[in-house]
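Reminder, nothing fancy here: chain letters follow the sequence lines and each chain counts from 1. Here the structure is a predicted model, which means the values were calculated and not measured.
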There are 2 protein chains.
Amino acid sequence: MAEPKTRRPLADSTAVHDQVYDSIRQALITGKIAPGVGVSLRSLAAELGVSPMPVRDAVRRLVAERALAINPANKRLSVPSLTAERLEQLELARQWIEPELAARAAPRADEALVRKLKVIDQDLEEALRVGDVDGYMVANHAFHFAIYERAGAEVLLAMAGGLWLQIGPFMRVVFGRVGTGSLPADRHAEAMDALKAKDADGARRAIAADLSEGMDKMRAAVGAGAGLTAPPPTQTVITIP
Amino acid sequence: MAEPKTRRPLADSTAVHDQVYDSIRQALITGKIAPGVGVSLRSLAAELGVSPMPVRDAVRRLVAERALAINPANKRLSVPSLTAERLEQLELARQWIEPELAARAAPRADEALVRKLKVIDQDLEEALRVGDVDGYMVANHAFHFAIYERAGAEVLLAMAGGLWLQIGPFMRVVFGRVGTGSLPADRHAEAMDALKAKDADGARRAIAADLSEGMDKMRAAVGAGAGLTAPPPTQTVITIP
DNA sequence: GACCTTGCATTGTGATCGCAATTACGGGCT
DNA sequence: AGCCCGTAATTGCGATCACAATGCAAGGTC
């Protein structure tokens, strides 16, 4: 691991710690790392073929974003466990911020955005049909944030990103359990219509309804006692592609 | 710098990068580092008498919390400039999350909390009287978060903390310009009364009003054209006590 | 005098090493 | 067999070094 022969020019290209960040972030959002399990810097580094240093950087970011937790006594880090309290607060925050972003995006929406959303939504429905959980979650994320980015609200956008990062493991639990087929994408169509008409209030309502439906399912799954509080084992190796 | 003779036992005591984080965080909140100016890892490290490594860790956290910005081209980091857009979004987020936290804290408030708040509020008024800007801002922060912590809402509390961190530089501009005497603490008394009565809605209104007044002043100061967009010089050394 | 070029200092990034502490595991004792 | 303790491995943290790239400034050219 970590072959020093080919020195990466870095500079303009993405830094290594950013790639590591994206890898772990993807693994978290798609649920490749189960909540409650412990991870180690060196194991992640070996997994990704880099030195522990950029992994430390990436982990710092993720801890600051509450996507990873660090045991204050052990100083060992793990994926935050899924609790009903966390879910409730994350839901509340999402229900406030994401409709707001959609409403702000509406007057700035153009045809290119709607076209882009339509393509994403087709991918989403395709993933739904074949039962591709990862594909569905990636497409869903892309759909929402294609809208949110259009709001031009940097601060709110960053907050929404942090929320999704924290709620990712919940999503995986839900869709890995209930299956993806039960979540219709009707609200996405509503949202696209509202955006096309530059109807801010309509976009707000559509996103709010979309979130409600998704969160209802999550709450049901969590309430039904999904594998939430896994005992924190150590010495666990996770494969990140 | 960095004398390796006395090896810090660290372990249970706070790690160095945490102390560095707190130092920079304090410097940002109290406005010791002006917005727009550039900072460097090595200068900060020399200032604090540590190696650049823990500074990197602390800076990563702060960048993730949007308290520091990093130029994507330069990769040089600086304090985010104060723009009206940022202020507007931060105000919106604060107006939503902080009254919510206050409302959640109300039913869980006890006499010890009210006593603690009273002490903090006395310090606050003392700072106001003598014109101690730093003391005022520290006390104000302590007052609000003594309440918010009582809400028992970890996720929302962390979001509020991030918001304050981002809005700190704005506060400094306001109070360094307008002076501290013009902001009465009446709303704090209202909030304490509501908490004593476990009146959730009263606490929500009191905090909302308190925020409104403070943000009004900030918006006025920013609109009046405070030194917002400072040109980003390099090679700047900041003294952090 | 203005503009370009060259040189040096500084910066962020990553790798490697050392250290203290915790954890895991195995052998020995009761 | 069950428990306990000692040893080895693993972990996070911090320092130092190396390197590519950028920044600034002095010196040279037209």
Side-chain angles (χ1 to χ4, degrees), chain A residues 1-21 23-24 37-64 68-78 231-238, chain B residues 1-21 23-24 37-64 68-78 231-238:
Chain A
M1 62 212 77
E3 304 174 355
K5 50 162 54 178
T6 54
R7 188 72 167 175
R8 189 78 83 336
L10 56 110
D12 56 273
S13 101
T14 62
V16 176
H17 66 85
D18 276 323
Q19 300 177 358
V20 173
Y21 172 82
S23 295
I24 304 179
V37 307
V39 293
S40 87
L41 259 51
R42 284 179 169 84
S43 63
L44 286 173
E47 200 71 41
L48 297 166
V50 297
S51 87
M53 191 59 61
V55 179
R56 261 176 68 176
D57 291 344
V59 163
R60 288 263 179 253
R61 286 180 61 183
L62 291 164
V63 169
L68 283 177
I70 176 169
N71 188 328
N74 278 8
K75 294 175 179 297
R76 255 176 190 79
L77 53 89
S78 60
T234 50
Q235 200 89 353
T236 310
V237 179
I238 315 292
Chain B
M1 68 210 71
E3 304 172 355
K5 50 162 53 181
T6 53
R7 188 72 170 175
R8 189 78 82 337
L10 55 109
D12 57 274
S13 106
T14 63
V16 176
H17 68 87
D18 276 324
Q19 299 177 0
V20 173
Y21 172 82
S23 295
I24 303 178
V37 307
V39 293
S40 85
L41 259 51
R42 284 179 170 84
S43 62
L44 286 173
E47 200 70 42
L48 297 166
V50 297
S51 87
M53 193 57 63
V55 179
R56 261 176 69 177
D57 291 345
V59 163
R60 289 264 181 251
R61 284 179 63 182
L62 292 164
V63 169
L68 283 177
I70 176 169
N71 189 328
N74 281 7
K75 291 174 180 299
R76 255 177 190 78
L77 53 89
S78 60
T234 50
Q235 199 89 350
T236 309
V237 180
I238 315 293

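- Atom C1' of nucleotide dG14(D) and atom OH of Y21(B) are separated by 20 Å, given to the nearest angstrom.
- To the nearest angstrom, C1' of dT22(C) lies 11 Å from CG of N71(A).
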Could you walk me through whether L41(A) and L77(A) pass side chain to side chain contact (heavy atoms under 4.5 Å, CB included), step by step?
-> CA-CA 9 Å; L41(A) 259 51; L77(A) 53 89; 3.6 Å; yes
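- OP1 or OP2 of dT10(C) has not a single side-chain nitrogen or oxygen of S40(B) nearer than 4.0 Å.
- Between V20(A) and R56(A) the shortest side-chain heavy-atom distance does not fall below 4.5 Å.
- From H17(A), atom NE2 reaches atom CZ of R60(A) across 14.0 Å, with rounding to the nearest 0.5 Å.
- At whole-Å resolution of the value, NZ in K75(A) and P in dG14(D) are 7 Å apart.
- Rounded to whole Å, atom C1' of dT11(D) lies 5 Å from atom CZ of R76(A).
- When each of L77(B) and P52(A) is assigned the nucleotide of DNA chain C bearing its nearest heavy atom, the one mapping closer to the 5' terminus is L77(B).
- To the nearest angstrom, C1' of dA15(D) lies 12 Å from CG of D57(B).
- Between N74(A) and dT23(C) there is a side-chain N or O to OP1 or OP2 distance below 4.0 Å.
- One interatomic measurement links the two molecules: NE2 of H17(B) to P of dG14(D), which rounds to 5 Å at whole-angstrom precision.
- Along DNA chain D, the nucleotide nearest to R42(B) and the one nearest to P54(B) differ in position, and the one closer to the 5' end is contacted by P54(B).
- Taking atom CE of residue M53(A) and atom P of nucleotide dC19(D), one finds them 17 Å apart after rounding to whole Å.
- One atom, CG of L68(B), and another, C1' of dG12(C), lie 14 Å apart when rounded to the nearest Å.
- V55(B) pairs in a side chain to side chain contact (heavy atoms under 4.5 Å, CB included) with only one of the listed residues (V16(B), V50(B), V39(B)), which is V50(B).
- Put simply, R56(B) has no side-chain N or O that comes within less than 4.0 Å of OP1 or OP2 on dT16(D).
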